[in-house]
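To keep things clear, I will list the structure first and then write my remarks on it.
Letters go in sequence order (proteins before strands), and every chain restarts at 1. Computed from heavy atoms alone, side chains included, the values below leave out hydrogens, waters and symmetry copies.
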2 protein chains.
Amino acid sequence: MDEIMLQSGSAGNIVYQQLKQQIVSLELPPGTALSEKETSLTFHVSRTPVRESFVRLAQEGLLLVLPQRGTRVSLIDPDMVEEARFMREQLEKAVIRLACESFPADKLQEMENNLMMQQESMERHDGKSMFELDEAFHRILFEGVRKMGTWNVIQQMNAHLNRTRVLWLSQDPHWGHLFGQHREMIQAIRSQNADLAERIMKEHLTLSISNLPVLKQRYPEYFK
Amino acid sequence: MDEIMLQSGSAGNIVYQQLKQQIVSLELPPGTALSEKETSLTFHVSRTPVRESFVRLAQEGLLLVLPQRGTRVSLIDPDMVEEARFMREQLEKAVIRLACESFPADKLQEMENNLMMQQESMERHDGKSMFELDEAFHRILFEGVRKMGTWNVIQQMNAHLNRTRVLWLSQDPHWGHLFGQHREMIQAIRSQNADLAERIMKEHLTLSISNLPVLKQRYPEYFK
DNA sequence: TCTGCCATACTTGTATGGTAGTATGGAAGT
DNA sequence: ACTTCCATACTACCATACAAGTATGGCAGA
């Protein structure tokens, strides 16, 4: 939201963004105990802006605030992950169908460029870069059909889903598979084959949580 | 979210819920100027919990905070309304398809009961009751297919959409039309006719913003 | 050794004073 | 009459002090 970006200089907003980045990147693993006091010391601000960021993060489901007891980075809820995937599937299928009807040429070019950068990151085995490019790829799709509000909603509810994707990409890439699907999507949009595009997208997003059970077994302390 | 319900006793949460109710019900019309000080006086609490609620409401897009200038109830953004409707259409179409595959009998009975109460409210010309029953009707649908997380996301993003629905139901009901569609939905679920159910849902949600231009012309000061 | 109590050190929740930035109205100057 | 400037009264933002609830470790007593 633009109205939030406007306050980007405020201490509270800086703490919020920093914490969110650290949580989603698993730099602060699920279950980590935080406290307003401790956090205020590390960021060299008072408790007020820290508390403000805690409230926002709790509303997004990234923090769990227990009154008078403490605050912890929320555990990943597998049911929520599946439901986030479900929502994202429905929305992205509809969006890529729109893209097949009409899509601006410059955005299509952006996607092509992104795809080339994906190949580079893949060769460098750069998981972090690959994750960001994947994110950007889908974002461009939403920009092209002018559904940024929808993209923002997805971003918010992807709190849990994104953490599992980070976990997954850090160990069992399947990057080639993802890359191939991205390329197929572009081709489908070009040829305006909506049914094909929808099918690819569905498989693409299904793949993204296919080994959730494996992750749950490997990192049991991260899950609910 | 349950973790937020747990703090329901806190002053900050009470202020938050009260303000949200007043905003969505248009008791606090779009554009209304608020201030931490003023609000703290009316609720007989300090500025801290008020500020906390402002932060949360701003994140939901219901308040617009301008640093060092003031806080206003956000205007209704027609583009956001349309996009919220778009999202809701995609999600509810998918959900009612699931319902057509399998749906628990007790939930179906709840929907039948709700439908009867809708008829009563319709005869009493009770718009507020009708709005709440409509809300509950769709909620039961999500409960039946166990997609409450999805329902909660819809509730959040419906901030703008709901205000237009309140505005609309207060003057040009079309209650009979809504009622008929609800009845058809139940029949479609019973007969497990997913394609029919999806079509009705699409029409149902399209209808819900069909006269947005009229509203925009009638209450121009409420829109962006 | 084990159990129960309690002081203590945490936690979040709330109130309040002060700071810096902004809008506004009136006075002074042209 | 019109413009410019400035005092004043706002605003949200931040720091800090206090209040109330909770976990914990040690000590006393059995």
* His125(A) and Trp175(A) aromatic ring geometry - parallel, tilted or perpendicular at 30°/60° bounds -> tilted
* Describe, in one word, how the ring planes of His138(B) and His204(B) are oriented to each other, choosing from parallel (under 30°), tilted (30 to 60°) and perpendicular (over 60°). => parallel
* Among dC13(D), dA15(D), dT14(C), the one nearest Pro67(B) by side-chain distance -> dC13(D)
* Structure fact -> Which of dC14(D), dA15(C), dG13(C) is nearest the side chain of Pro49(B)? It is dA15(C)
* Asked: Within the side chain of Thr71(B), is there an N or O that forms a donor-acceptor pair under 3.5 Å with the backbone of Val65(B)?
  -> no
* To do: Identify the two heavy atoms, one from Ser129(A) and one from Arg124(A), that lie closest to each other, and give their separation to 0.1 Å.
  => OG-NH2, 3.9 Å
Please state how far atom [atom1] in [X] lies from atom [atom2] in [N], giving the value in whole angstrom units.
{"X": "Glu52(B)", "N": "dT12(C)", "atom1": "CD", "atom2": "P", "answer": "13 Å"}
{"X": "Leu57(B)", "N": "dA12(D)", "atom1": "CG", "atom2": "C1'", "answer": "16 Å"}
{"X": "Arg47(B)", "N": "dC14(D)", "atom1": "CZ", "atom2": "C1'", "answer": "10 Å"}
{"X": "Arg72(A)", "N": "dT12(C)", "atom1": "CZ", "atom2": "C1'", "answer": "15 Å"}
{"X": "His44(B)", "N": "dT14(C)", "atom1": "NE2", "atom2": "P", "answer": "16 Å"}

* **side-chain N/O Arg51(A) vs dG13(C) OP1/OP2, d < 4.0 Å** => yes
* Quick check, are the ring centers of His177(A) and His182(A) under 6.0 angstrom apart? -> no
* Relative to the 5' end of DNA chain D, which residue comes earlier, Phe54(B) or Thr48(A), by the nucleotide with the nearest heavy atom? -> Phe54(B)
* Asked: Salt bridge check: are Glu143(B) and Arg139(B) linked by an N-O gap of less than 4.0 Å?
  -> yes
Would you list the protein and nucleotides 6-11 of chain D atom pairs, both N or O, that sit under 3.5 Å from each other?
| unit_1 | atom_1 | unit_2 | atom_2 | d |
| --- | --- | --- | --- | --- |
| dT11(D) | OP1 | Ser35(B) | OG | 3.3 |

